[in-house]
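What you see below is based on every heavy atom in this structure, not just the backbone, and it leaves out hydrogens, waters and symmetry mates. For clarity, every value in this text was computed on a predicted model and none was experimentally measured. Numbers here are sequence positions counted from 1.
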Amino acid sequence: MAGQSRKWMILVATIWIQAFTGTNFDFSEYSSAMKSALNISQVQLNYLATANDIGKLFGWSSGLALMYLPLSLVMFIAAFIGFVGYGLQWLLLNNLITLPYFLVFLLSLLGGCSICWFNTVCFVLCIRNFQINRPLALSLTVSYNGVSAALYTLAATSINPSSDSIYLLLNAIVPLLVSFAALVPILRQPNVDPLPPDGVRRNSLIFFILNILAIFTGIYLLLFGSSTSDASTARFYLAGALVLLVSPLCIPGIIYARDWFHRTVHSTIRIDGSGFILVHVNDLELHKELLARQNSNLSNGDGYTLMNNENGSMYRTQSAKSSDVCCERMFGQDQLTMLGEEHPAGVLVRRLDFWLYYFAYFCGGTIGLVYSNNLGQIAQSLGMSSSTSTLVTLYSSFSFFGRLLSAAPDYIRNKFYFARTGWLTVALMPTPIAFILLASSDSAAALHAGTAIIGLSSGFIFAAAVSVTSELFGPNSVSVNHNILITNIPIGSLLYGFLAALVYDSNAYSVPGNSLSETLVCMGRKCYFWTFVWWGCLSVVGLVSSLLLFLRTKHAYDHFERHRISTQPIVS
């Protein structure tokens, strides 16, 4: 029982780490102040936003560090990197030091790199301590990364509502303090023993309760995260948010009261086991064995031939004779027929499915992230600078809800089953609609609605992506393959941000009489109109790519689901 309690303490610690280390989401809060302090153009400001995302290109370095260093030390290295990166920028904005633009770029890169190191620590903690329910643990903790901006907005308002640089100070100090708070649970990790079937069901119920609590947390931050500019009121709301973050510590009590929950709530909800075990290694191995046995005796059935190709992966190579050459190339050639087949990096980059997936992410979730980086300038150009905090909180909160929503398809799979790549397509549909809304109107209502829709859509994609990667290309290779996938984030941040900056600067002008008259400012709908149009068109490309990926992988998902249902008594 003590070991189980320590395990859940570790989960609470990862929730705290994720909640306070999404420091790239509050860039819009201080971007205008940084632009004025450095006296730079919008294009140069975009490069600083891109630097925050370039850190993802160095995500592999945290994995390398874990091969030689303790987990707790890697966590504090991440905190120290962020402390230096954000701390020196805070000194710059407060005129305590003078730094050249290139050095500020490197400091922004350091801040972004620290986020990747923290993420790696959280992933490893979840995988080590929740081997059966690890996708549930990952989904829940990653979701809390989306509320960072709302939490930092409350904290900044409670300290100094008139200072933009306070965000940088919080970005530097808070992750370090959270690392000290998480140190004791990490050092006291329990031995991981195999869970009995009833233990798996209990864990699923606890995760269900934690998701409900997370929803309340998100609603609270959405309602109160930026609803006041008064410091004393903000402190009250911040205290309430911290209580919600601490409340999962009641989990040991839930463990002792599990019998009561089993008799009342559990029997009603009928959580027979987490739907997230879809890609559990043992189930996949059983699925492969059954497929091989079926294919050796294949004389009737659904008319598909499975065979090993030269790379050792199994693909669908026979399609309906009535299909034309174009459809055959798109839907039949090199088509995936088995979930969980391991794909080394060399095989991965030669797969059409991977590139469809890559462009779906590149033209979907990445655009949403770039949009959030530009919220400060978007609000300023429409004369809504005072609403920047509200917009950042709105995007952050709805991104949080989107991440939580990515778990819903697996909870309802016994009632309604749909391939996860299909849910990814559904999640991408609102993004072009949001950009059409933003391009067609410059009203505050349109801006708030578009921000909420984009946050919800991109949040779902960010959280669902890890599971999709493991299902399509193998759970054992997910750490490498997913890092290859997210290289699209810094690339998209550079290209999409550069496009937005060019449109902005082409319509910008110097403000007469301003003490910083050399700083170019753009006001009006024209500043981002063509940016929204282009981003909307690109998001349609992502939607089409996701739809093609769904059509190519639907058979593999359906085949696995049929085998899962038919072998359920054997697996349980």
Smallest heavy-atom separation, V84 atom then L110 atom, equals CG1-CD1, 4.5 Å

In this structure, are over 12 heavy atoms from other groups packed under 6.0 Å from F80 atom CZ? no

I'd like to check T141 versus C126 (side-chain heavy atoms, cut-off strictly below 4.5 Å). Are they in contact? yes

Under 3.5 Å, is there a donor-acceptor pair between the side chain of S114 and the main chain of G111? yes

Under the criterion side-chain contact (heavy atoms from CB on, under 4.5 Å), I'd like the reasoning laid out for N171 against D26: C-alpha separation, chi angles, the key distance, then a yes or no. CA-CA 9 Å; N171 288 352; D26 60 14; 2.9 Å; yes

Measure across S72 and L183 and return the closest heavy-atom pair with its distance rounded to 0.1 Å. CB-CD1, 3.7 Å

Closest non-hydrogen atoms of W117 and A65, given as atom of the first, atom of the second and distance, are CH2-CB, 3.7 Å

Using side-chain heavy atoms (C-beta onward) and a distance below 4.5 Å, is V147 in contact with Q18? no

Show your reasoning for whether side-chain contact (heavy atoms from CB on, under 4.5 Å) applies to Y86 and L169. CA-CA 7 Å; Y86 291 113; L169 182 62; over 6 Å; no

Could you measure the distance from the CD1 atom of I97 to the CG atom of L91? Nearest 0.5 Å is fine. 4.5 Å

Ignoring hydrogens and angles, tell me if any N or O in the side chain of W16 forms a donor-acceptor pair with the backbone of L245 under 3.5 Å. yes

Can you find a heavy atom in the side chain of V104 that is under 4.5 Å from one in the side chain of M34? yes

For the CZ atom of F207 and the CG atom of L140, what is their distance to the nearest 0.5 Å? 6.5 Å

Indicate yes or no: at least one non-hydrogen side-chain atom of H448 is less than 4.5 angstrom from one of T390. yes

What distance do C113 atom SG and I77 atom CD1 have between them, rounded to the nearest 0.5 Å? 11.0 Å

I'd like to check L151 versus L221 (side-chain heavy atoms, cut-off strictly below 4.5 Å). Are they in contact? yes

Minimum side-chain heavy-atom gap L11-L210 below 4.5 Å: yes

So with a 6.0 Å cut-off around CZ of F401, is the heavy-atom count from everything else above 12? yes

Would Y496 and F362 satisfy side-chain contact (heavy atoms from CB on, under 4.5 Å), going step by step from the backbone distance to the final call? CA-CA 10 Å; Y496 300 147; F362 180 68; 3.1 Å; yes

Do we see a donor-acceptor contact under 3.5 Å between the side chains of E29 and T388? no

Going through the distances and angles, do Y152 and V392 end up as a side-chain contact (heavy atoms from CB on, under 4.5 Å)? CA-CA 10 Å; Y152 278 109; V392 171; over 6 Å; no

Can you give the donor-acceptor pairs under 3.5 Å from side chains of residues 455-463 to other protein atoms, not counting sequence neighbours?
from	atom 1	to	atom 2	distance (Å)
S457	OG	A427	O	2.5
S457	OG	T431	OG1	2.9
S458	OG	Y395	OH	3.1
S458	OG	I454	O	2.8
S458	OG	G455	O	3.3

Please report the shortest heavy-atom distance between K35 and S41, naming the atom on each side. CE-C, 4.2 Å

Does R403 use its side chain to pair, donor to acceptor, with the backbone of V142 at less than 3.5 Å? yes

Between L369 and I489, is any pair of side-chain heavy atoms under 4.5 Å apart? yes

Distance alone, cut at 3.5 Å: any donor-acceptor contact between the side chains of S108 and Y47? no

So, for L494 and N46, which heavy atoms are closest and what is the spacing to 0.1 Å? O-ND2, 3.6 Å

CG of L213 to OG of S247: how many Å apart, nearest 0.5 Å? 4.0 Å

Indicate yes or no: at least one non-hydrogen side-chain atom of L38 is less than 4.5 angstrom from one of L92. yes

Would you say the side chains of Y358 and T487 form a donor-acceptor pair under 3.5 Å? yes

Could you tell me how the ring of F105 sits relative to the ring of F102: parallel (under 30°), tilted (30 to 60°) or perpendicular (over 60°)? parallel

What is the minimum heavy-atom distance between N94 and S165, and which atoms define it? ND2-OG, 3.2 Å

Does a donor on one side chain sit under 3.5 Å from an acceptor on the other, for Y371 and T451? yes

Hey, is the main chain of A19 close enough, under 3.5 Å, to the side chain of S148 for a donor-acceptor pair? yes

Are there over 12 heavy-atom neighbours, none belonging to Y101, within less than 6.0 Å of that residue's OH? yes

Mark yes or no for whether Y144, through its side chain, and I17, through its backbone, hold a donor-acceptor pair below 3.5 Å. no

Would you please indicate if the ring centroids of F180 and F76 are separated by under 6.0 Å? yes

d(L404 CG, I212 CD1) to nearest 0.5 Å is 9.5 Å

To the nearest 0.5 angstrom, please state how far the CG atom of L88 sits from the CG atom of L99. 6.5 Å

